[in-house]
Amino acid sequence: MPPLTHFYPSEIGTSIERLKELGYTADHLGKPLESTDQLVEMKHQDVILNNAGAEFVLRVSKFIDTLLVKYYKLDPFYKASAKEDLVGHCVVTLSPHTSTGFVGRIIGYEDVNVGLAHPYLISARRRNCDGDEDTTILMMDALINFSKHYLPTTIGGTMDAPLILAANIKPEEVDDEVWNMETDTEYTKEFYDKTMQHVPPGEVKVGMVESRLKSEAAYSGLEFTHGTSAEALKDAPKRSAYTTLKTMQDKIDMQFSLSDKLYSIDRADAAKRLILSHFIPDLMGNLHSFSKQTFRCVSCNAKYRRVPLIGKCTKCSGKLVLTISKGGIEKYLNTAINLSERYKLEPYIRQRIMLLKQEIETVFGAVGAAGDIPTKQFNLANFM
Ligand SMILES: [Zn+2]
């Protein structure tokens, strides 16, 4: 969910009358809300869903109503026939690998293939604003369909389930990354003077959320230096290229073809950081895990620390496979080599990659050599 602090009613398809009922009585300058092209400051627990997701949420609301009527013998709750009927209803929003759900409220819908929420709500869920995946669950769904009996028994099973529900988000209690959000309408002359002196950012006075914490000012009057047009959401890319590009190599090629065009980016430094902080640790970690890995039965998923002498699953006689494959280990190797050559990185980094390549080759044979077995999961027979 990307962050949004202000919106135009025309962008989210909700009428002025409905917005007023939801508490949006004035625009961000304090003028009474009368037209759909007035810019409005978003309340910090409101969310804007995308149209495609809204259709799904609408179907879920009908399922919940059916459940309430047929199973619990109660009255239906949502009674929604269109997505607009769900505006004003509460949702629980939860980030991957966490177990605290936060209460939000739907205020409208837009066409971009993401949900939009206030930076406080995003920060509360310990996301930052780089387009991570999130979930939105209708509040009634989360309440009546939650049971610890459904949770997986394996480690991590309690993640991705809203075990805790947070109803009130206080900015002073959320991740402090959002405290650095600027709230001024313009930069002072002092700010520009200091940029010339290259002082550390902390020495420059700019209005930020941090100075408003624990006061009403933290919740409204958060301003901005540069606005966008009412067409901004409509004209925005509808889907992140990260989801349309298939392989990691495609994503990296695209990212670096963009950096090749940008004067401000030190491409060699970007490549070096990617290799040092992602590829080399990944290659080393996977290679070392390979020799300590467990084996898994393809039929019943039983795990074995060592292959049983009988050579198959002792519970169901199913086939046993490696849990870490050759393909998984070397998947970034050629990408790392290509990047280091393309940007003529320093010999130290290139040699580290070459040493890793040699180490991988001592285990598996030549990487990418002619006649090499295609990069895929091996079966046990290759090692017996
Ligand atoms: Zn088995």
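Numbering of ligands and ligand atoms starts at 1, following listing order. Computed from heavy atoms alone, side chains included, the values below leave out hydrogens, waters and symmetry copies.
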- Qualifying residues under side-chain contact (heavy atoms from CB on, under 4.5 Å), relative to T294, sequence neighbours excluded: K303, T323

- Sort by chain and number the protein N/O/S atoms found under 2.8 Å from the Zn ion (ligand 1). C297 SG, C300 SG, C313 SG, C316 SG

- Test item: side-chain donor near acceptor, Y343 and D260, under 3.5 Å: yes

- Examine I353 and M248 and state if one hydrophobic cluster contains both, with Ile, Leu, Val, Met, Phe, Trp and Tyr joined whenever side-chain heavy atoms are less than 4.5 Å apart. yes

- Query: Is the shortest side-chain N to carboxylate O distance from D111 to K238 below 4.0 Å?
  - Reply: no

- Check side chain to side chain donor-acceptor pair (under 3.5 Å) between Q249 and all other residues, then give those that pass, not counting sequence neighbours. D253, T335

- Message: So, using side chain to side chain donor-acceptor pair (under 3.5 Å) as the criterion, who are the partners of S259 when residues are at least two apart?
- Response: none

